[in-house]
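First the proteins, then the strands, lettered A, B, ... as listed; each starts at 1.
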Amino acid sequence: MGEKKALKNVRGTKDILPEDSFKWQHIETKVREIFDLYNYKEIRTPIFEETELFARGIGELTDIVSKEMYTFEDKGGTKLTLKPEMTASVMRAYIQYEINKKVPLFKVYYISPMFRQERPQAGRLRQFHQIGAEAIGSVNPEVDAEIISLTLHIIDSFGVKNFLLKINSVGCQKCRPKYKVVLRDYLKNFYDSLSEESKRRFEYNPLRILDSKDESDRKIVQNAPKILDYLCNECDAHFKELLTYLDVLGISYEVDAHLVRGLDYYTKTAFEVLSKELGSQDAIAGGGRYDMLSSLIGGPDIPGVGFALGVERLLIILEKNNYSFGQDKKPFIFIASVGSKAKLHSLNIAQKLRKRYIPCEVDLLNRSLKSQMKEANRQGSRYVVIIGESEMEKDVCLVRDMNSGEQIEVSLGKIVEYIVDKYAEEITKN
RNA sequence: GUGAGUAUAGCUCAACUGGUCAGAGCGCCAGGUUGUGGCCCUGGAGGUUGCGGGUUCGAGCCCCGCUACUCACCCCA
């Protein structure tokens, strides 16, 4: 029984190894620049919250809450949940710190892992990452327009081309209930032909039937009454104004009356950005307005609108299009040494170079010089500093230019300054 | 949660109807260069063919179970 079970990452999670982490860093820095352009500040909330926040905010009956959350009790018996989405957390913080009393419009962004216990597949993980933003405090459609424009700006900045913006309005507490009645009336006639899932939804959330992928459902829904025809004056005006803004901004979209959201808190604007390059999970980003959320979780009446983008899904598209993530960082210098006395010098020089902020790698494995050279080459070092027995006698070291293969002697006392100059040269060249 | 497909060295994959079929390329290590990388040549390490049963003279190849992965449903980013 000496064999221990091989440990591995849990289902639906992914390790981001060094060969990929620089891609994530690339995406993150790029996206932060764009958020700066729109004056959104970063917010970081805890990875878990009290379960009640999501249960009340997202809705007890939604799929996310009813079957996809990672919920557990801590040792004090408090029910906690790994966040399945970010908006509820941001709103919780907004209410908690009474931000409505401090700023008129709270504009924040986040880059964070989320957790949902679904069956993993292409573009769907149990721990996945979202880049998103929320603008809380205004009912104006200008804000919806800014969020949408921001979403597309990010997608566009990575050169993603084949995407489609779908947009709809899902109404509000006033008009949606009325539409639900009309929709149920219509669907009632086809009830027996509905899919099992849709039958279940008939009572508590008939809107979800509209975006069913089931063939028979789709046919039925095709001629269903459209929510856009049943919006109250306020929602209708909001939607029309938003479309006007999008037109002015040169943003093309497709109004899709069947687009709905799986979270209860959405009101008015709902949108999704779809990509054909994604396969089954084709939404790269989604979002909308959530004027009911604050009151659902016990706060004052506070409107908001936001979006979230799936980082893994963005990566799938970028990899497919051979997107250039740029070069990973390389050490400028590799210090090779032969012998224990030379090793002391090499460690010392490495430390001095690093204190001067010059990326530097030094042999730690006492391998043959050949191996060290190979390693330096593999890592893409610009120069290799070589310290061996014969150099030690003359109090010098060799500096090898890895591009030209040229090699010169530099005295040990001057090597640090020599490299500092070379580095400065290299920096100004680029 | 439901369905289908896949499961061979670190990676990508071979192995005709079950009979030297356990291999290649890449990567790694070493040698060719008694202290010097990238190219080339040579050699080496590394797999009880996911796990457990069964059929058979004989199974990586057929059957059953389990597990994992993948894709789709579902859900959504």
Contact class for [X] vs. all strands (heavy atom < 4.0 Å): base, sugar-phosphate, or nothing?
X	value
G286(A)	sugar-phosphate
L398(A)	base
E85(A)	nothing
E19(A)	nothing
I386(A)	base
G405(A)	base
G123(A)	base

Integer angstrom distance from the [atom1] of [N] to that of [M]:
N	M	atom1	result
G18(B)	C75(B)	P	44 Å
G3(B)	G19(B)	C1'	37 Å
A24(B)	C63(B)	P	29 Å
U12(B)	A30(B)	C1'	25 Å
G31(B)	U36(B)	P	10 Å
A45(B)	C29(B)	P	16 Å
A72(B)	U55(B)	P	39 Å
G65(B)	C76(B)	C1'	34 Å

Send over the distance from [X] [atom1] to [N] [atom2], rounded to a whole Å.
X	N	atom1	atom2	result
R124(A)	A72(B)	CZ	C1'	10 Å
E375(A)	G37(B)	CD	P	14 Å
N377(A)	C39(B)	CG	P	8 Å
Y383(A)	G37(B)	OH	C1'	16 Å
K67(A)	G1(B)	NZ	C1'	8 Å
L17(A)	G27(B)	CG	P	19 Å
K330(A)	G38(B)	NZ	P	16 Å
E361(A)	G37(B)	CD	P	19 Å

Query raised in the report: Aromatic ring centroids of Y109(A) and Y40(A) under 6.0 Å?
Result: no
Query raised in the report: In terms of side-chain heavy atoms, does K219(A) have a donor or acceptor partner in S193(A) at a distance below 3.5 Å?
Result: no
Query raised in the report: Do you know which of K422(A), R382(A), Q407(A) makes side chain to side chain donor-acceptor pair (under 3.5 Å) with D401(A)?
Result: R382(A)
Requested in this report: Let me see the working for D144(A) and K268(A) under salt bridge (charged side-chain N to carboxylate O under 4.0 Å, His left out), right down to the final yes or no.
Outcome: CA-CA 10 Å; D144(A) 306 47; K268(A) 294 194 173 84; over 6 Å; no
Requested in this report: Under 4.0 Å from any atom of RNA chain B, heavy atoms only: list the residues of residues 268-277 of chain A that qualify, in numerical order.
Outcome: none
Query raised in the report: Looking at RNA chain B, which of residues 33-48 of chain A put a heavy atom within less than 4.0 Å of it?
Result: none
Closest to the [X] side chain: [options]?
X	options	answer
S371(A)	A30(B), C75(B), G38(B)	A30(B)
R11(A)	C75(B), C69(B), A77(B)	C69(B)
R261(A)	A77(B), C29(B), C69(B)	A77(B)
K370(A)	G31(B), C76(B), C71(B)	G31(B)
F128(A)	A77(B), C75(B), G32(B)	A77(B)
Y266(A)	C73(B), G32(B), A77(B)	A77(B)
A308(A)	G37(B), A77(B), C75(B)	A77(B)

Any donor-acceptor pair under 3.5 Å joining the side chain of [X] to the base of [N]?
X	N	value
Q407(A)	U36(B)	yes
R378(A)	G37(B)	no
R208(A)	C76(B)	no

Report task. Assess whether atom CD of E50(A) is packed by more than 12 heavy atoms of other residues, nucleotides or ligands within 6.0 Å. Result -> no
Report summary line: Between S381(A) and D63(A), the residue closer to the 5' end of RNA chain B by nearest nucleotide is S381(A)
Report summary line: Note: for R400(A) and Q121(A) on RNA chain B, the residue whose nearest nucleotide lies more 5' is R400(A)
For [Y], is there an ion pair with [X] - N to carboxylate O distance below 4.0 angstrom?
X	Y	value
K14(A)	E312(A)	no
R313(A)	D282(A)	no
R32(A)	E42(A)	yes

Residue pair [X] / [Y], side-chain heavy-atom distance below 4.5 Å:
X	Y	value
P141(A)	F239(A)	no
L80(A)	T71(A)	no
K330(A)	E361(A)	no
H345(A)	L412(A)	yes

Report summary line: Rounded to the nearest 0.5 angstrom, the CG-CZ distance for L194(A) and R201(A) is 11.5 Å
Report task. Decide side-chain hydrogen bond (donor to acceptor under 3.5 Å, both in side chains) for D264(A) and T62(A); before the verdict, give the C-alpha distance in whole Å, the side-chain angles of both, and the deciding distance to 0.1 Å. Result -> CA-CA 7 Å; D264(A) 284 356; T62(A) 60; 5.7 Å; no
Report task. Go through R92(A) and E49(A) one step at a time and tell me if the salt bridge (charged side-chain N to carboxylate O under 4.0 Å, His left out) criterion holds. Result -> CA-CA 10 Å; R92(A) 189 223 79 221; E49(A) 298 273 358; 2.5 Å; yes
Report summary line: Secondary structure of RNA chain B per the Watson-Crick/G-U criterion (both distances under 3.5 Å; [ ] crossing, | other strand, . unpaired) is (((((((..((((.....[...)))).(((((.......))))).....(((((..]....))))))))))))....
